[in-house]
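Report on the structure given below.
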Amino acid sequence: FERLTEGLTGALSALGGRADDSTRHAFIETIRDRLLDADAHPDVVGDLIERLENRLSRPDDEGRPASERFLTGLEEEIARILGGQAEPLRLRSSGTSAVMVVGLQGTGKTTSVGKLAQHLRTQKKNVMLVPLDVKRPAAIEQLQILGRDLDIPVWDTDARQKPVKVARAALKAAEKQKVDVVIFDTAGRLAIDQELMRELTQLRDKLRPQEILYVMDAMAGQTAVQTAERFVEAVRPSGMILTKVDADPRGGAVLSVRARTGIPVKFMGVGEKASDFEPFDPTRIARRLLD
Amino acid sequence: FRRKPAFDDETREQLRETLIGADFGTTAADAVIEALGRKARGVNDLDALLAALREALAERLAAFVGDVDAPQPGEVVLIVGINGSGKTTSVARLAHRWKEQGKPVVIGAADTFRAAAAEQLEVWGERVGVRVVRQKAGADPAAVAFDTVQAAQAANAIALIDTAGRIHGDQGLMEELKKIRRVIGKAVEGAPQHVWLTLDASQGQTAIEQARRFHEAVGVTGLIVNKLDGEGMAGFVYPITEELGIPIIAIGVGEGMEDLEPFAPERFAAQIV
Ligand SMILES: Nc1nc2c(ncn2[C@@H]2O[C@H](COP(=O)(O)OP(=O)(O)OP(=O)(O)O)[C@@H](O)[C@H]2O)c(=O)[nH]1
Ligand SMILES: Nc1nc2c(ncn2[C@@H]2O[C@H](COP(=O)(O)OP(=O)(O)OP(=O)(O)O)[C@@H](O)[C@H]2O)c(=O)[nH]1
Ligand SMILES: [Mg+2]
Ligand SMILES: [Mg+2]
């Protein structure tokens with residue numbers, strides 16, 4: 001967390017490092033703006049700052065200056081929100097597990113399905129992929145190519161069928177073939193598209209997946225929380241995949257979505273290849289947040 | 001002596017919340033409020049202020065309206081942007097629009113990297129009724145661009161070239177884009193006349209750095225803001241236009257070939273305020 005403090009020490013020294021009320025207020029406002037510009041949601045930033053001010057109102061037995069205590073507190077609060085180690089996938093110990101992947105258009109779902117498949121295969125799991133995006137041109141083909149490159153079977157989805165029908169047939173077949181994990185790739189959709197969100201709920205009800213992964217672009221802005229909340233309403237995702245982390249965004253959106261929905265971030269995408277997939281590293285985001 | 005602020009704290013906070021919530025960023029939000037304060041001094045009725053804000057935003061963005069119908073047969077339009085920002089779908093929409101206007105178009109599938117990228121464009125080409133020039137996966141994108149320009153020149157058509165998504169911080173990929181641009185320039189003097197950057201309306205402040213890097217690499221002549229039918233309001237176009245002066249060409253408001261609208265400042269501002 002050294003870099004975190006470095007970034008803000010600048011703001012600190014610019015404010016003369018004094019401990020009076022107006023300096024402290026200016027310091028807090030600088031941090032607030034920094035976090036807002038890092039794409040963090042104002043409510044989350046507000047809560048964070050409030051908790052820090054409460055901490056500061058308690059006496060410090062080490063006699064450290066308020067600003068240093070504030071910064072250390074900030075690092076700790078951010079780390080707490082983002083969670084410690086990445087939580088593992090929820091899979092059945094025996095039998096076929098279903099994983100459903102959902103999110104807005106273009107966030108990296110299809111690519112992430114390929115990455116997740118590769119990851120599971122290194123854990124000796126036997127995987128099958130099921131394309132459920134029957135709408136986007138060549139979406140089925142995209143997943144088939146990814147599967148072929150990884151030598152992982154892909155269900156032969158008929159684009160003229162409804163996703164729920166395809167899903168049921170594929171899951172039945174996977175269970176029969178004793179597949180360990182079936183991953184369902186769904187079409188990107190707007191959180192405000194009621195009909196498509198209902199389709200997702202229906203899909204979840206029919207598949208009863210062990211894991212529903214919300215795929216979010218790390219560059220998301222201020223509407224990330226309200227969007228995520230709608231996905232929570234529809235299917236209550238059990239985990240998140242944060243993509244395009246290699247674009248090196250400040251990451252305020254993931255901090256905010258994590259804070260407001262509690263969904264643990266399980267993996268992060270750090271590039272376009274199937275191997276560009278890592279367990280979520282909260283320190284990586286935390287460092288960038290206060291840059 | 002410090003002049004009394006134009007708005008009371010609560011009013012200022014509400015205005016700031018509106019703009020920050022729309023992804024303006026704090027610097028642009030404060031600048032806009034400052035300017036509004038000079039014009040609407042002393043007005044503290046929030047509704048009146050919001051209306052004035054909407055008007056001010058529309059007025060300011062009116063200076064940055066691009067022309068989606070500017071490209072002429074024989075010219076080259078290059079579509080660039082980060083991964084998933086809607087380039088391929090924008091190409092389909094533009095091709096459809098121009099074809100309906102009677103302009104011949106040849107599409108170039110210069111994304112030779114991503115799985116099924118060329119196939120995605122081929123499906124669109126068929127639906128729109130426009131020829132798609134492509135090579136096999138892994139081919140040199142510059143070579144596809146070159147072929148496309150040649151085919152378009154022969155047909156006196158607009159060459160509309162789709163490229164692979166790329167992260168603005170990836171030096172290697174930005175170099176690849178520069179090479180594509182150079183090769184197009186070799187095929188036709190002065191081409192590409194139009195380089196349009198697609199931006200995802202649901203993203204945050206990273207959009208500004210994207211615009212800077214792409215602009216510095218290949219000279220962006222227009223912005224296309226996609227997914228405005230969603231919740232994102234793309235307030236970042238304000239700091240982008242302010243800093244780089246790049247006009248906004250069009251907006252994407254859905255996933256179909258018809259879902260493209262020329263940029264209209266009033267409607268855009270009305271979404272925000
Ligand atoms: N740099 C980078 N690119 C990524 C990452 N994940 C996905 N992408 C790219 O993002 C783009 C969109 O990925 P897709 O997998 O097609 O996204 P999607 O969510 O399935 O899109 P829809 O199905 O249309 O909603 C592609 O160019 C991917 O290669 C990542 O972690 N880093
Ligand atoms: N709702 C909505 N979806 C859009 C819009 N524009 C594009 N999309 C969707 O966003 C997803 C990504 O679009 P693409 O055109 O494949 O994006 P791209 O930039 O070419 O992606 P890469 O080539 O993988 O970098 C697709 O699911 C599109 O249907 C829009 O204006 N509104
Ligand atoms: Mg997909
Ligand atoms: Mg594309």
Side-chain angles (χ1 to χ4, degrees), chain A residues 29 32-42 45 104-111 114 135-149 187-193 216-224 226-227 230 243-253 269 271-272, chain B residues 13 16-17 20-30 82-89 92 113-127 137 164-170 173 200-210 226-227 229-236 254-255:
Chain A
E29 290 315 303
R32 187 190 305 274
D33 280 5
R34 258 310 208 314
L35 290 172
L36 289 173
D37 285 340
D39 299 322
H41 192 279
V45 177
L104 290 178
Q105 290 90 346
T107 52
K109 295 175 292 302
T110 305
T111 309
K135 195 178 61 171
R136 167 177 152 154
I140 296 169
E141 212 157 336
Q142 184 184 0
L143 195 58
Q144 286 173 338
I145 291 173
L146 292 179
R148 192 161 57 229
D149 289 348
R189 65 204 62 218
L190 292 179
I192 52 175
D193 186 327
M216 182 170 87
D217 189 324
M219 291 177 265
Q222 293 288 335
T223 55
Q226 67 212 61
T227 296
R230 288 178 196 269
T243 60
K244 309 178 204 173
V245 174
D246 49 309
D248 204 25
R250 300 273 302 278
E272 298 193 67
Chain B
E13 205 36 49
R16 205 177 197 248
E17 237 183 70
I20 290 184
D23 289 303
F24 267 63
T26 59
T27 310
D30 289 337
I82 59 150
N83 308 71
S85 55
K87 295 175 294 302
T88 303
T89 313
F113 172 76
R114 206 208 69 211
E119 287 75 8
Q120 182 185 5
L121 212 39
E122 283 182 316
V123 173
W124 278 121
E126 206 162 306
R127 288 184 192 178
R166 68 203 64 230
I167 298 300
H168 51 294
D170 186 324
L173 289 182
D200 186 329
S202 68
Q203 69 183 328
Q205 298 301 294
T206 321
I208 304 175
E209 188 60 16
Q210 281 168 32
N226 287 319
K227 309 181 196 175
D229 50 319
E231 297 180 88
M233 287 167 271
F236 50 72
E255 304 193 61

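Below, chains carry the letters A, B, ... as their sequence lines are ordered, and counting in each starts from 1. Keep in mind it's a predicted model, so treat the numbers as computed, not measured. Because only heavy atoms are used, hydrogens play no part in the values below, and waters and symmetry mates are left out as well, while side chains stay in.
Each of A:Gly108, A:Ala139, A:Gly106, A:Gly188 has some count of heavy-atom pairs under 4.5 Å with chain B, and the biggest count is that of A:Gly106. Counting heavy-atom pairs closer than 4.5 Å to chain B, the top residue among A:Asp37, A:Leu190, A:Leu36 is A:Asp37.
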- Task: Could you walk me through whether B:His168 and B:Glu209 pass side chain to side chain contact (heavy atoms under 4.5 Å, CB included), step by step?
- Result: CA-CA 8 Å; B:His168 51 294; B:Glu209 188 60 16; 3.7 Å; yes
- Task: May I have the step-by-step check of salt bridge (Lys or Arg N to Asp or Glu O under 4.0 Å) for A:Asp39 and A:Arg250, ending in yes or no?
- Result: CA-CA 7 Å; A:Asp39 299 322; A:Arg250 300 273 302 278; over 6 Å; no
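When side chains are defined from C-beta on, B:Ile167 counts as touching B:Asn83, because their heavy atoms get closer than 4.5 Å. Taking 4.5 Å as the limit, some side-chain heavy atom of A:Ile192 sits within range of a side-chain heavy atom of B:Glu231.
No part of A:Gln144 comes within reach of chain B, as not one of its non-hydrogen atoms sits under 4.5 angstrom from that chain. For B:Glu119, the parts lying under 4.5 angstrom from a heavy atom of chain A are both the backbone and the side chain. Of the two parts of B:Asn226, neither the backbone nor the side chain holds a non-hydrogen atom closer than 4.5 Å to a non-hydrogen atom of chain A. Interface remark: B:Gln210 contributes side-chain atoms only to the contact with chain A (heavy atom separation under 4.5 Å). Neither the backbone nor the side chain of A:Asp248 comes within less than 4.5 Å of any heavy atom of chain B. In this structure, chain B has a heavy atom under 4.5 Å from the side chain of A:Arg136, while its backbone stays farther away. The contact between A:Ala220 and chain B is made by backbone and side chain atoms together, counting heavy-atom distances below 4.5 Å. Neither the backbone nor the side chain of B:Phe236 comes within less than 4.5 Å of any heavy atom in chain A. For B:Ile82, the part sitting under 4.5 Å from any heavy atom of chain A is the side chain, from C-beta outward, and nothing else. Of the atoms belonging to A:Arg230, it is side-chain heavy atoms, and not backbone ones, that fall under 4.5 Å from chain B.
Salt-bridge annotation for B:Arg16 and B:Glu13: absent, with no side-chain N of the basic residue lying under 4.0 Å from a carboxylate O of the acidic one.
Within a 6.0 Å sphere centred on CD of A:Glu29, heavy atoms belonging to other residues, nucleotides or ligands number more than 12.
If you run side-chain contact (heavy atoms from CB on, under 4.5 Å) between A:Pro137 and each of B:Glu126, B:Glu122, B:Arg127, only B:Arg127 comes through.
Looking at B:Gln205, its side chain never comes within 3.5 Å of a backbone N or O of A:Ala38 through a donor-acceptor pair.
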